[in-house]
Structures are given as structure tokens and as C-alpha cells.
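See below for the structure under consideration.
From a predicted model like this one, the values you see are computed outputs, not experimental measurements.
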Amino acid sequence: MAEGLGLKGPRGWAFRDVSLRAGAGALVALEGPSGTGRTCLLLALTGRMKTQEGHAEVGGLRLPRKMAAVRRIAGLGQVPGVSELDPSLTVAEHLRERALLQRRFDGSVRALLRRPGTRAAEARARIAEALAAAGLDLAALPKGERTSVRDLERLEALRLSIALALMGRPRLIGVDDTDLKLSDADRAEAWALLRAVAAAGTTVLAVCSEAPADALRITTVGTAAATPATPATGPAEPTEPGTAAGPGTATEPTAVTEPAEPAETTPATEPAAAEGPAAATEDDITEEGTADALAETGRA
């Protein structure tokens, strides 16, 4: 549930006045063109970004006050820059790493004290359960579980990211760019996968450019009026209040001013540095002459 939700960044409002109600096991599509705040809304509803307006509730936990608690029950699939797959790792390495992290940070103290054989069996069972739910068949991959992520097809990478998120058994899962660079057939398979995850009781938030007809659709249109207003006001204040706020205008005075100052001080500094050694040499010569004169007169 969200009511009047809004998030403001350095360039203005990413989204504003978002309201929705979705029950457990719902498929929610965050639809809209790129740059309209879809990913920010996804991260806000999964407890990863703090909103400035309104409130939301996830599993009875109120946002933004209980963001840490929401993160424990909300998993992330693929989100560029946040939860990306490592292309240099294999599928098996990703799965083992997630199982270790899950046991270390989300397991109870009693679970950590279990026998190593018991913990390993539980990890294998959790991995198998997540792979089955994501529809990822390791035997069908080019090199099985040793296939590198860089060699996966787009749909296979999506299935792997969802499997990794499901290993935490979350109540809510968020997926970014669901239909990006997918053919029509692969797009249909991706939505079928997300429907199956939702049917199992996990609420799904999916960012997409075109939502299916059976999804709860939240359309983001951006805040075009608010976005340009903030950058125009921001740079104009520290630079020149009477100057139009443009990147070139703000940069050019700085480039002219900075070299001008050293140009005036450098000539004054260099002669001073050059005179220093000369003065020191004359003093040395004077002191040596005085010492020689005293030595000759027997006063040294």
C-alpha cells in the first residue's frame, strides 16, 4: 500500500503523488518510458530509497520509517547499478555466494551452530527450490552450472537474478527492466515466470515499458515541469544570479578566473625564489671575508 508517495532528488522530483494498493501475491507493473522514475519507485517500495512525501506499508511495515525491516523481507532481482550479476562469475559461484550470505546475515544463531553437513544440505535444498521457482535448468546451459554470466542469454540472466532473490524467501520481490531487449517470445516467458512467482504468494514489482493486461498497472510519466526548474535554480545561485543557468555559462567564468589569479602572482613569486639563493650567497661571502680578516689580525 502506498499513499501520496514522492521522492525528490538533486534534479527535482523523481516521482510524486503515487498511490496504490496491492495484496499478497499481486503482480504490479511499474510502466513508463525510461527516465520517468520507475526504478526509483521500485527501490523506494523495497526499502532502498527514502521518500520525502507520503508513506507506504510493506508487510505491515511503514515506510520510510522502517526501511531496514522492509529490506529484510523484500528481495531484488536485476537492478542495474544496485544488484547486477557479475559477468566474470559462473552461475554456480553466484548461487554459492548467495547461499553463504543468506546463512551469514539472515540465519539465526542456532542455524550457525549446526553441523557443517546439515548447513550444506540446507543450502543445496534452498538453491534447488529457488532454481525450480525461477524455471532455470542448469543442465540446459552451455556449460551447465559452470557457465559464465557473460555467456547467458538475456532471459536466462533474468531467471538467475530472480532465483538469487528467491533464495531469501522474500514476501516482495522487485525486478527492473523486465522486458528490456527481449523478443516477443522471451517477453511472454518472462511475464509467465513473474506470474508464477506471484501465484506462489510473493508480491512482484516489475519495471517495464509495456505492462501485460492482467497486471496491476502503475504508469509513471515523470515530473517534467519540476525537473528542469531545480537545476536552473541550483547553479544560478552560487555562480551569477543575473546569468542564465546553463552548463557552459557556469563553466566559462570559472575557467577564466582560475588561470588569471596565478598569472598575476607567478611572476612575483618566481623572482622572489630566484633572489633567495643570490642573497644567501652574498651573505655567505661576507661572513667568510670577515672570518679571514679576523684570522689575519689574530682575533679569530
Side-chain angles (χ1 to χ4, degrees), residues 7 9 14-15 27-30 32 34-35 37-51 56 58-59 61 63-64 66-107 123 126-127 129-131 133-136 138 145 147-182 186 190-191 193-194 196-198 200 202-209 220:
L7 186 147
F15 60 85
L27 174 59
V28 183
L30 307 179
S34 179
R38 305 174 306 172
T39 303
C40 291
L41 179 56
L42 174 75
L43 294 175
L45 291 173
T46 54
R48 270 77 178 180
M49 293 188 78
K50 186 175 182 179
T51 55
V58 178
L61 302 171
L63 288 171
K66 295 187 176 181
M67 292 175 60
V70 170
R71 287 195 295 270
R72 286 195 289 270
I73 65 169
L76 282 184
Q78 58 178 14
V79 178
V82 180
S83 57
E84 293 178 305
L85 300 175
D86 190 333
S88 64
L89 296 181
T90 66
V91 173
E93 287 169 339
H94 273 94
L95 293 169
R96 284 196 296 267
E97 179 187 54
R98 181 59 60 92
L100 288 172
L101 291 173
Q102 200 71 40
R103 187 181 69 196
R104 173 63 181 84
F105 295 104
D106 292 338
R126 181 167 290 202
I127 289 173
E129 177 186 344
L131 289 174
L136 183 61
L138 298 183
E145 65 176 14
T147 303
S148 296
V149 167
R150 65 168 60 93
D151 296 328
L152 295 176
E153 298 292 338
R154 172 75 181 172
L155 182 59
E156 293 170 341
L158 175 63
R159 291 185 184 278
L160 175 59
S161 69
I162 292 175
L164 294 174
L166 290 175
M167 286 178 62
R169 294 169 181 163
R171 299 170 62 180
L172 169 69
I173 183 173
V175 183
D176 196 12
D177 292 335
T178 303
D179 54 0
L180 181 66
K181 297 181 180 180
L182 289 180
D186 287 346
W191 284 114
L193 165 62
L194 296 181
V197 172
T202 302
T203 305
V204 177
L205 295 176
V207 170
C208 61
S209 57
T220 58

Checklist outcome for this item: Taken in chain and number order and not counting sequence neighbours, the residues that satisfy side chain to side chain contact (heavy atoms under 4.5 Å, CB included) with Leu61 are Lys66, Ala69, Val70, Ile73
Item to check | Flag side-chain contact, heavy atom, 4.5 Å: Leu158 against Gln78 | outcome: yes
Checklist entry - How close do Thr178 and Leu182 get, heavy atom to heavy atom, and via which atoms? => result O-CD1, 3.2 Å
Checklist entry - Which heavy atom in Ala133 sits nearest to a heavy atom in Leu193, and how many Å separate them? => result O-CD1, 3.5 Å
Item to check | Close side-chain approach of Val204 to Val28, heavy-atom, < 4.5 Å | outcome: no
Checklist entry - Can you tell if the side chain of Leu152 reaches within under 4.5 Å of the side chain of Val91, non-hydrogen atoms only? => result yes
Checklist outcome for this item: When rounded to the nearest 0.5 Å, the distance separating CZ of Arg159 from CG of Leu131 is 11.5 Å
Checklist outcome for this item: Closest non-hydrogen atoms of Leu42 and Gly174, given as atom of the first, atom of the second and distance, are CD1-CA, 3.5 Å
Item to check | Exercise: identify the closest heavy-atom pair between Leu76 and Arg48 | outcome: CD1-NE, 3.7 Å
Next on the checklist: Using 0.5 Å steps for rounding, measure from the CG atom of Leu194 to the CD1 atom of Ile173.
Outcome noted: 8.0 Å
Next on the checklist: Show me the pairs that pass salt bridge (Lys or Arg N to Asp or Glu O under 4.0 Å) and involve residues 73-84, at least two apart or across chains.
Outcome noted: none
Item to check | Leu164/Leu85 under side chain to side chain contact (heavy atoms under 4.5 Å, CB included): CA gap, chis, key distance, verdict | outcome: CA-CA 10 Å; Leu164 294 174; Leu85 300 175; 3.6 Å; yes
Checklist entry - Can you check side chain to side chain contact (heavy atoms under 4.5 Å, CB included) on Val149 and Asp86, steps first, answer last? => result CA-CA 7 Å; Val149 167; Asp86 190 333; over 6 Å; no
Item to check | Nearest-0.5 Å distance that lies between atom CG in Leu43 and atom OG in Ser83 | outcome: 8.0 Å
Checklist outcome for this item: Residue set satisfying side chain to side chain contact (heavy atoms under 4.5 Å, CB included) with Thr51, at least two apart, ordered chain then number -> Leu5, Leu7, Phe15, Ala44, Pro64
Item to check | Over all atoms of both residues, closest heavy-atom pair of Ile127 and Ala99 | outcome: CD1-CB, 4.2 Å
Checklist entry - To the nearest 0.5 Å, how far apart are CG in Leu63 and CE in Met49? => result 13.0 Å
Checklist outcome for this item: Taken to the nearest 0.5 Å, the spacing of Ser209 OG from Asp179 CG works out to 3.5 Å
Item to check | Side chain to side chain, Leu160 and Leu95, heavy atoms closer than 4.5 Å | outcome: yes
Next on the checklist: Restricting to salt bridge (Lys or Arg N to Asp or Glu O under 4.0 Å), what partner residues turn up for Arg154, sequence neighbours left out?
Outcome noted: none
Item to check | Under 3.5 Å donor-acceptor, Arg150 side chain and Ser148 backbone | outcome: no
Item to check | Considering all heavy atoms, the nearest Arg126-Met167 contact | outcome: CD-O, 3.0 Å
Item to check | From Ser161 atom OG to Leu166 atom CG, the distance as rounded to the nearest 0.5 Å | outcome: 9.5 Å
Next on the checklist: Holding to side chain to side chain donor-acceptor pair (under 3.5 Å), I want the full list of residues that pass it with Thr147, two or more places apart in sequence or in another chain.
Outcome noted: none
Item to check | Inter- and intrachain pairs under salt bridge (Lys or Arg N to Asp or Glu O under 4.0 Å), touching residues 163-178, at least two apart | outcome: Arg38-Asp177, Glu129-Arg169
